[in-house]
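Chain identifiers are assigned alphabetically (A, B, ...) following the order of the sequence lines, protein sequences preceding nucleic acid strands; residue numbering begins at 1 within each chain. Bear in mind that the values here come from a model prediction, so they are computed numbers and not experimental data.
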Protein chains: 2
Amino acid sequence: MARNVLTISPSLEDYLESIFVIKQKKQTVRVKDLAKHLKVKAPSVVEVLRKLKEKNLIVHEYYGYIELTQEGINKAKAVYGRHIMLKKFLHQILGIDEKIAETDACRIEHYLSKETLERIIKFIDFIETCPQGEPEWLNNFYYFVKHKKRPLECKAKFLGGNSQNNIVKLSDLKVGAKAKISKITDTGILKSKLLGLGFVKGEILKIEKVAPLGSPVDVLIKNTHISLRKEEAEKVIVEVL
Amino acid sequence: MARNVLTISPSLEDYLESIFVIKQKKQTVRVKDLAKHLKVKAPSVVEVLRKLKEKNLIVHEYYGYIELTQEGINKAKAVYGRHIMLKKFLHQILGIDEKIAETDACRIEHYLSKETLERIIKFIDFIETCPQGEPEWLNNFYYFVKHKKRPLECKAKFLGGNSQNNIVKLSDLKVGAKAKISKITDTGILKSKLLGLGFVKGEILKIEKVAPLGSPVDVLIKNTHISLRKEEAEKVIVEVL
DNA sequence: TAATTATATTAGGCATCCCTAACTTCGTCA
DNA sequence: TGACGAAGTTAGGGATGCCTAATATAATTA
């Protein structure tokens with residue numbers, strides 16, 4: 001498959017990017033600098049340099065320094081920009097360790113579509129221009145990663161005001177709440193009825209509507225809407241997610 | 001570099017994954033199915049099958065059907081799981097077009113570290129188990145992508161109650177608000193003073209603290225804390241971000 | 001300035017992953 | 001049953017991207 005001058009291979013992009021990066025710190029760029037930076041041997045570098053030269057992306061004289069042409073600079077900047085964005089996304093937003101973020105960014109930067117890259121840039125922008133600075137939900141995410149559950153205050157607005165933890169009666173939930181069934185406290189007919197409706201331990205449900213006086217409650221469970229009277233809802237103990 | 005049986009190349013992973021996927025729809029998997037699915041020619045498939053056979057990941061008799069061994073199934077499931085997660089992340093969270101998400105997932109699934117993949121899975125989990133269902137901030141993000149600005153209600157809590165749009169006096173902002181300076185309404189000494197402090201059009205600032213009666217206001221601008229009296233803060237017109 | 005060391009280049013080779021062309025086998029249907 | 005088309009295989013080759021070993025040039029220093 002013939003590659004034109006506009007689309008270059010991932011490897012060439014890496015070399016171009018490295019030349020750009022090294023140039024920023026060191027003024028001069030040599031074969032050994034590139035070899036070290038990219039963790040390859042010198043002959044590999046020389047071979048790639050020949051290709052970059054053919055495509056007019058660099059200037060390189062025998063045994064001399066390596067310089068980017070204007071076209072090379074443009075391309076390198078584009079590649080480097082992508083790299084920086086991806087790393088930022090992985091490290092500063094997803095919270096991945098910096099070194100791993102660096103490696104991953106390096107590896108995937110050549111393979112993502114323009115659309116995805118632009119969306120990621122928008123995502124970063126969305127977070128950085130958040131009116132409150134670091135948005136609350138992002139901190140909740142870090143908490144979630146660390147403790148494997150959401151912080152309580154994050155759930156507070158979905159609980160009735162009187163509960164200290166997140167194990168409550170279904171009847172105490174507000175609209176929009178998602179919860180996992182943990183127990184049914186009735187032993188009679190009601191329990192059989194609830195079980196029959198799908199109110200089984202471990203099942204996830206969501207509160208769709210609550211009538212003014214708390215009865216009936218419209219619950220979405222297993223993709224079905226079920227209407228519970230208050231007496232029934234009080235018998236279902238759930239854990240707010 | 002010798003690859004052991006545990007780590008296989010990106011291409012082999014793709015073939016394994018395809019066998020798994022085709023098997024789910026069709027019961028039998030043949031060379032031509034794989035060729036079509038992976039958009040390669042038959043001889044390429046045959047070559048890879050030989051390698052997969054050597055590694056005991058598939059069973060394949062001369063001119064016969066292709067079957068995964070138990071080890072092959074395990075590996076394929078792992079790869080496929082990664083793929084599904086990545087696609088979900090790109091499509092359902094970042095909002096990328098489904099086809100593009102599919103392609104991108106395909107391309108990067110082999111290159112992401114375990115850490116990043118796990119974090120992405122956590123991110124999906126974080127969103128899917130959100131007590132309110134689709135979290136508000138995510139919808140705000142989609143709005144942001146579409147309209148290039150946040151919805152007003154998203155900014156409302158950082159504005160004084162009386163403003164209808166997001167161009168307000170600095171003195172109306174609450175703690176935590178980020179805003180961009182749009183104008184200084186004083187023409188005298190105050191203006192020079194403010195300009196001197198860095199209150200230039202276009203500059204981004206953040207409200208750090210507001211004293212009980214609205215004076216002074218502690219503003220973070222260009223990484224410096226500056227304390228403004230109410231009379232000064234009233235002269236700075238800003239756009240809430 | 002000549003010897004030594006550091007750096008760059010050339011030559012040739014290997015693994016991956018794809019291809020075309022030619023050939024073999026399988027299944028089906030006249 | 002045997003011929004024909006579809007599917008699978010073999011042989012050989014090309015691009016990419018890396019390597020080692022040998023060689024050429026540049027830089028340094030005795």
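Applying the 4.0 Å criterion to OP1 and OP2 of C:dT7, one finds that A:Arg30 has every side-chain N and O outside that range. The side chain of A:Tyr15 contributes an N or O atom lying less than 4.0 Å from OP1 or OP2 of D:dC18. Distances shown here put a side-chain N or O of A:Ser9 below 4.0 Å from the OP1 or OP2 atom of D:dG17.
Scanning both residues, B:Ile22 and B:Thr28, for their nearest heavy atoms gives CG2-O, 4.2 Å.
The nearest heavy atom of DNA chain C to A:Gly64 and to A:Glu47 marks one nucleotide each, and the one closer to the 5' end goes with A:Gly64. Taking the nucleotide of DNA chain D with the nearest heavy atom to each of A:Lys41 and B:Tyr63, the more 5' of the two is matched to B:Tyr63. The nearest heavy atom of DNA chain C to B:Lys51 and to B:Pro43 marks one nucleotide each, and the one closer to the 5' end goes with B:Lys51. Closest-nucleotide positions on DNA chain D for A:Tyr62 and A:Leu12 were compared, and the one nearer the 5' end corresponds to A:Leu12.
With hydrogens and angles disregarded, a donor-acceptor distance shorter than 3.5 Å links the side chain of A:His91 to the backbone of A:Ile96.
Among the nucleotides D:dA7, C:dC17, C:dA8, the one closest to the side chain of B:Ser11 is C:dC17.
In this structure, the CD atom of A:Glu54 is 10 Å from the P atom of D:dT16, given to the nearest Å. Per the geometry, CD1 belonging to A:Ile66 stands 12 Å off C1' belonging to C:dT7, to the nearest Å. Distance NE2 (B:His60) to P (D:dG8): 7 Å, rounded to an integer number of Å. Atom OH of A:Tyr65 is separated from atom P of C:dA8 by 10 Å (rounded to the nearest Å). Between the CG atom of A:Asp33 and the C1' atom of C:dT7 there is a distance of 11 Å, rounded to whole Å. Put simply, CD on A:Glu61 is 21 Å from P on D:dA24, counting in whole angstrom units. When the P atom of C:dT9 is taken as reference, atom CG of A:Leu49 falls 7 Å away, rounded to whole Å. Atom P of nucleotide D:dA7 and atom NZ of B:Lys36 are separated by 11 Å, given to the nearest angstrom.
A:Ser44 comes within contact range of at least one nucleobase, with a heavy-atom separation under 4.0 Å.
The distance from atom CD of A:Glu102 to atom CG of A:Leu86, rounded to the nearest 0.5 Å, is 10.5 Å.
At a cut-off of 3.5 Å, with distance as the only test, no side-chain donor of B:Asn56 or B:Thr69 sits close to an acceptor on the other residue.
The environment of NZ in B:Lys148 is sparse: at most 12 heavy-atom neighbours from other residues, nucleotides or ligands sit within 6.0 Å.
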